[in-house]
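Everything on this sheet refers to the single structure shown next.
Quick note: residue numbers are just sequence positions, from 1.
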Amino acid sequence: LRILDALRDADAAISALKGLRGGRIALGAVSTAKYFAPALIARFRERYPAVRVALSVNNREIIVRELERNAIDLAIMGTPPQRFETESVPFADNPLVLIAAPTHPRARERSIPLEALAGERFLVREQGSGTRSAMERFFAERRFEPRIDSVMNSNETIKQAVMADMGIALLSRHTIGLELATGLLAELDVQGLPLMRRWYLVQRAGRFVSPATAAFVDYV
């Protein structure tokens, strides 16, 4: 692994000599970030068309492992990992909200107490998801125990299940813009929400940073 890391750094150093006439970036993103990461990459490449950006999308645990073993240069995620040293830059808000089908009885209510949702069926992301971890911390701080009905490993599956009125879910507002605009989903007005998180660009501390990677961080 050390030899492979050294080879990757040597390749990045050669690219650095070329400046931004070339270069490559291996970018990892947690699954919720897939709703905006491609647009960021597209706009960045309008400015730097010779830079190639490879995007991998996975849940948080996999992205953290890729970052730890230097398989990616940068990661877009909600909370930087703690088990190894990183350098992180916050760049945007990430509000988490509770969503329901538009026909849900509470869809038009205002200032709903969290305790009033004790009997609701919650649809949640899998363990290892950043959204799941944030949800668990939020509920634990308020001593609220949700009735977990189903565990699903994608935001898209959860959205479809909520639209079918199978339950309610806590998701990033970035994932539901189209569905809110078209009336397919409703955002519940729950006290204490939205839960405001931040998006970060994260890189492993001590790694060689190519001009292309530095330019992407600066651009974002």
Side-chain angles (χ1 to χ4, degrees), residues 27-46 53 55-60 63 76-79 90-126 128-139 144 146-201 219-220:
L27 177 65
V30 296
S31 55
T32 300
K34 71 183 179 184
Y35 295 91
F36 63 84
L40 282 179
I41 294 169
R43 292 173 184 174
F44 172 76
R45 293 203 64 204
E46 286 176 2
V53 182
L55 174 65
S56 64
V57 177
N58 274 297
N59 79 7
R60 172 185 165 80
I63 293 298
I76 298 176
M77 61 176 57
T79 304
F91 67 91
D93 289 333
N94 178 23
L96 301 185
V97 298
L98 269 171
I99 58 170
T103 55
H104 192 281
R106 296 189 179 274
R108 298 184 182 278
E109 292 185 16
R110 292 292 172 265
S111 194
I112 304 166
L114 184 60
E115 298 77 21
L117 302 177
E120 297 288 342
R121 295 168 298 174
F122 279 79
L123 313 176
V124 302
R125 286 289 306 273
E126 77 284 2
S129 158
T131 301
R132 172 72 177 263
S133 298
M135 180 201 76
E136 290 176 343
R137 286 193 300 270
F138 175 73
F139 288 157
F144 177 77
R147 174 188 165 195
I148 296 178
D149 187 78
S150 298
V151 178
M152 302 177 181
N153 65 358
S154 79
N155 294 323
E156 290 302 317
T157 304
I158 288 179
K159 287 194 295 182
Q160 292 297 324
V162 173
M163 281 187 265
D165 205 16
M166 288 177 58
I168 64 176
L170 187 77
L171 288 182
S172 169
R173 193 181 279 153
H174 287 135
T175 71
I176 57 173
L178 179 61
E179 290 82 3
L180 290 178
T182 54
L184 295 172
L185 287 172
E187 179 181 330
L188 298 182
D189 184 16
V190 177
Q191 294 175 11
L193 293 176
L195 172 59
M196 195 61 68
R197 302 178 71 213
R198 297 282 280 164
W199 285 115
Y200 290 86
L201 272 177
Y219 176 80
V220 172

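- Nearest heavy-atom pair, Pro146 versus Phe139, reported as atom, atom and distance to 0.1 Å: CG-CD1, 3.6 Å.
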### Task
Please report the C-alpha distance between Glu187 and Glu179 in whole Å, then the side-chain angles of each, then the deciding distance to 0.1 Å, and finally whether the side chain to side chain contact (heavy atoms under 4.5 Å, CB included) criterion is met.
CA-CA 10 Å; Glu187 179 181 330; Glu179 290 82 3; over 6 Å; no

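- Of the inter-residue distances, the one linking Asn94 atom CG with Phe36 atom CZ reads 7.0 Å to the nearest 0.5 angstrom.
- Between the Asp149 side chain and the Phe122 main chain, no donor and acceptor come within less than 3.5 Å of each other.
- Counting heavy atoms from C-beta outward, Phe138 and Leu114 have side chains that approach closer than 4.5 Å.
- The closest side-chain heavy-atom distance from Asp93 to Arg198 is below 4.5 Å.
- The structure places OG1 of Thr103 at 10.5 Å from CZ of Arg108, a figure rounded to the nearest 0.5 Å.
- At a threshold of 4.5 Å between non-hydrogen side-chain atoms, the residues Leu170 and Leu193 count as touching.
- A donor-acceptor contact shorter than 3.5 Å links the side chain of Gln191 to the backbone of Ser111.
- Between the side chain of Arg106 and the backbone N or O of Asp189 there is no donor-acceptor pair closer than 3.5 Å.
- Of the possible polar contacts, none joining the Lys159 side chain to the Ser154 backbone as a donor-acceptor pair under 3.5 Å is found.
- A 4.5 Å side-chain heavy-atom check between Ile168 and Ile99 finds every atom pair outside the cut-off.
- The backbone N or O of Asp165 sits less than 3.5 Å from a side-chain atom of Arg121, completing a donor-acceptor pair.
- Side-chain contact between Ile76 and Trp199: present, with at least one pair of heavy atoms (C-beta onward) separated by less than 4.5 Å.
- Contact record, Pro102 with Ala186: CA-CB, 4.1 Å, taken as the closest heavy-atom pair.
- Rounded to the nearest 0.5 Å, atoms CD1 (Ile41) and CG (Leu55) are 4.5 Å apart.
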### Message
Working note: Val53 + Phe44, criterion side chain to side chain contact (heavy atoms under 4.5 Å, CB included); need CA distance, chi angles, decisive distance, verdict.
### Response
CA-CA 10 Å; Val53 182; Phe44 172 76; 4.3 Å; yes

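- In this structure the side chain of Leu117 reaches within 4.5 angstrom of the side chain of Ile112, judged on heavy atoms.
- Of the charged side-chain nitrogens involved, none lies within less than 4.0 Å of a carboxylate oxygen, so that Arg43 and Glu46 do not count as a salt-bridged pair.
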### Query
Run the side chain to side chain donor-acceptor pair (under 3.5 Å) check on Arg125 and Ser31 step by step: do they pass?
CA-CA 11 Å; Arg125 286 289 306 273; Ser31 55; 3.0 Å; yes

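- Ion pair Arg147/Glu120 not flagged as a salt bridge, since none of the NZ, NE, NH1 or NH2 atoms sits closer than 4.0 Å to an Asp/Glu carboxylate oxygen.
- Atoms NZ and NE2, from Lys34 and His174 in turn, are 15.0 Å apart once rounded to the nearest 0.5 Å.
- Taking both residues in full, the closest heavy atoms of Glu126 and Arg132 are given as O-CB, 3.5 Å, listed atom of the first, atom of the second, then distance.
- Nearest heavy atom pair, residue Val97 against residue Pro194, reads CG1-CB, 3.7 Å.
- Taking CE of Met163 as the start and CD1 of Ile176 as the end, the distance is 10.0 Å to the nearest 0.5 Å.
- Here the side chains of Val162 and Leu123 are in contact, with some heavy-atom distance below 4.5 Å.
- A pairwise comparison of heavy atoms in Ile158 and Ala169 identifies CG2-CB, 3.4 Å as the closest pair.
- How far CE of Met77 is from CG of Asn58: 11.0 Å, rounded to the nearest 0.5 Å.
- Two residues are said to be in side-chain contact when any heavy atoms from C-beta on lie closer than 4.5 Å; Ser129 and Arg60 fail this criterion.
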### Task
Please step through side chain to side chain contact (heavy atoms under 4.5 Å, CB included) for the pair Arg173 and Leu96, ending with a clear verdict.
CA-CA 6 Å; Arg173 193 181 279 153; Leu96 301 185; over 6 Å; no

### Task
Give the C-alpha distance, both sets of side-chain angles, the deciding distance and a yes or no for side chain to side chain contact (heavy atoms under 4.5 Å, CB included) between Asn59 and Asn153.
CA-CA 9 Å; Asn59 79 7; Asn153 65 358; over 6 Å; no

